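Here is how names work: the chains are called A, B, and so on, in the same order as the sequence lines, proteins then strands, and each is numbered from 1. Computed from a predicted model, the values in this text were never measured in an experiment.
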Protein chains: 2
Amino acid sequence: MSKNVYFCLMYSFTEENYLKAIYKLQEQSDMAINTNAIATAIQTKAASVTDMVKKLSEKKLLKYEKYKGVELTHLGKRIAIETVRKHRLWETFLHNKLNFSWDEVHDIAEQLEHIQSQELIDKLDEFLGFPSHDPHGDPIPGRNGVIQQNNFILLSELSVGESGIISGVVNHSNLFLQHLEKNQLVLGKKLLVQEISAFDQLVKVQIEDKHLQQLSNEVVRNILVKKLS
Amino acid sequence: MSKNVYFCLMYSFTEENYLKAIYKLQEQSDMAINTNAIATAIQTKAASVTDMVKKLSEKKLLKYEKYKGVELTHLGKRIAIETVRKHRLWETFLHNKLNFSWDEVHDIAEQLEHIQSQELIDKLDEFLGFPSHDPHGDPIPGRNGVIQQNNFILLSELSVGESGIISGVVNHSNLFLQHLEKNQLVLGKKLLVQEISAFDQLVKVQIEDKHLQQLSNEVVRNILVKKLS
DNA sequence: AAATATTTTTAGACTTGTCTAAAAATGTAT
DNA sequence: ATACATTTTTAGACAAGTCTAAAAATATTT
């Protein structure tokens, strides 16, 4: 008699958060993810990570070898992406429908992403008009788990005379987002690079064919633009 | 030196559920609520209720005397009502914006009602146009915790020749709600009582000045109407 | 008022997820 | 290769919330 294996369809708030964090780390580094990195990302202690990682390993959501770090399985990655999808759809809802500013949406979406209902997400997606990107310009994974890759480049990569449309951010911190909003550097704005100072690298840009602004290195290295040819 | 008392502003998923259940029982019975009733309402065991009730009592959310049942304090009632408000606003969102039918909204709203963000609820309320009633006709408490009382009566209380507008339900079960929907007995429909059978009490009603329908006692005792004079 | 039945509480155990402190493994100097 | 530093794991404890089984209190019957 073979032992039947039952697959779990519901994952806890905490499990989903671990999977999402590991997924994001894996996107950045393509090596096995180590315990401390996860602990830092999730704001917990290494010992707690070890415990959880064992549990997720037993559930076949990731591969874990002692002292060697972890790697998501196909299933684990699928669930992580599903969580990212929910997060970004909720962020879009909060921004587009409830008029939250783009620095306010993250924390609330962190809670909403764990609501369990496939139908809810499908209907929300439809209600929002099947958006391709969230308020920060990050792509929203489809129902099937496919993520459309952006071909955005850093604003810092534009040369003098080139122009682009603000399409995303690298740094997602509230401080940075608020700074951008205050300076009208929001998604969709068209920028033309007029001058890059040889002395201090300050970038002078023209916004929407109107006013000029000087942007610091810190700023231009964290804005993603769609280059206009 | 007096000991400072700190009030907790965040209550757990579970605490909110207990408070809501006790509040609803209190609405029905106006006596002290006993342990078993709570256990039944919340689908748990009496022993668990005793534990939680002690905890809520320490937090000043209810008054508890051993073997005497519980009664919500002003604060406890306030939080219960806030939870009801969230629940009914989310139900309205699901029904009005995402096109969920009225029997599908409850379970999802049970999860959504525990999302922590006052601003979210305020903005949701505004987005929905400050609705006064949820999809089942139940009143939505205001920001201030005030619940507007309905003066609806049971359909069974209408006499022959009288008419009313369907405005709510007593029984909230999915089975009943689906039955009503299937027979087009939805909120807002105008009914005229044409005949009440002396033999089996079946009520013949005319719906929206058009087709006729025979309604069982079970049905007319669970529909609330706004009587038209 | 005694006997029985019901309700409620206590006591102790379990689960999920967390933590600290110590031990073990791995990595990096010299 | 030995010594030191860092990372990771183990062991044991804790908090929230639940459970079962037994004890205590209350309610009901005769």
Margin query: Measuring from the side chain of A:Ala47 (C-beta onward, heavy atoms only), which nucleotide among C:dT18, C:dT10, D:dT10 has the closest atom?
Written below: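 Within the option list, the nearest is D:dT10.
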* Asked: Does a salt bridge link B:Lys54 with B:Glu58, judged by any charged N lying under 4.0 Å from a carboxylate O?
  ->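 Not counted as a salt bridge, because no side-chain N and carboxylate O are separated by less than 4.0 Å.
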Please confirm whether B:Phe13 and B:His114 have ring centers closer than 6.0 angstrom.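 Yes, they do, as the ring centres are separated by less than 6.0 Å.
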Over how many whole Å does the gap from [X] atom [atom1] to [N] atom [atom2] extend?
X: B:Glu65; N: D:dT26; atom1: CD; atom2: C1'; answer: 14 Å
X: A:Leu56; N: C:dT16; atom1: CG; atom2: P; answer: 12 Å
X: B:Lys54; N: D:dT18; atom1: NZ; atom2: C1'; answer: 14 Å
X: A:Asp51; N: D:dC14; atom1: CG; atom2: P; answer: 16 Å
X: B:Met52; N: D:dC19; atom1: CE; atom2: P; answer: 11 Å
X: A:Ile38; N: D:dT9; atom1: CD1; atom2: P; answer: 9 Å
X: A:Glu58; N: C:dT16; atom1: CD; atom2: C1'; answer: 14 Å
X: B:Tyr18; N: D:dA16; atom1: OH; atom2: P; answer: 14 Å

Reckon A:Phe13 touches a base, only the sugar-phosphate, or nothing at all at heavy-atom distances under 4.0 Å?
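Answer is nothing: A:Phe13 stays at 4.0 Å or more from every strand.
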Considering every strand and a 4.0 Å limit on heavy-atom distances, what is the contact class for A:Thr14: base, sugar-phosphate, or nothing?
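Answer is sugar-phosphate: A:Thr14 comes under 4.0 Å of backbone atoms only.
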**Item:** A:Glu113: which of A:Lys86, A:Arg85, A:Lys20 passes salt bridge (charged side-chain N to carboxylate O under 4.0 Å, His left out)
**Value:**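 Of the listed options, the one satisfying the test is A:Lys20.
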- Reported CG-to-CG distance for the pair B:Leu19 and B:Leu75, which is rounded to 0.5 angstrom: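 So the gap between those two atoms works out to 8.5 Å.
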Report task. Supply the atom-to-atom distance A:Ile140 CD1 to A:Arg88 CZ, rounded to the nearest 0.5 angstrom. Result ->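 Going from CD1 on A:Ile140 over to CZ on A:Arg88, the span is 8.0 Å.
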Return the polar atom pairs (N/O with N/O) between nucleotides 6-8 of chain C and the protein under 3.5 Å, or none.
from	atom 1	to	atom 2	distance (Å)
C:dT8	OP1	B:Asn34	ND2	3.4
C:dT8	OP2	B:Asn36	N	2.9

Quick one: is C:dT20 close enough that its OP1 or OP2 comes under 4.0 Å of any side-chain N or O from A:Lys45?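 For C:dT20, OP1 or OP2 has a side-chain N or O of A:Lys45 closer than 4.0 Å.
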Worksheet item: Looking only at side-chain N and O atoms, does A:Thr44 come under 4.0 Å of OP1 or OP2 in C:dT18?
Response: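 For A:Thr44, the contact criterion (side-chain N or O under 4.0 Å from OP1 or OP2 of C:dT18) is not met.
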- [ ] Using atom types as modelled and distance alone, determine if a side-chain donor or acceptor of A:Ser57 lies under 3.5 Å from a backbone N or O of A:Val53.
- [x]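 No, A:Ser57 side chain to A:Val53 backbone: no donor-acceptor pair under 3.5 Å.
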ask   = Can a donor-acceptor pair be found between the side chains of B:Gln118 and B:Asp122 at a distance below 3.5 Å?
value =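 Distance-only check passes for B:Gln118 and B:Asp122.
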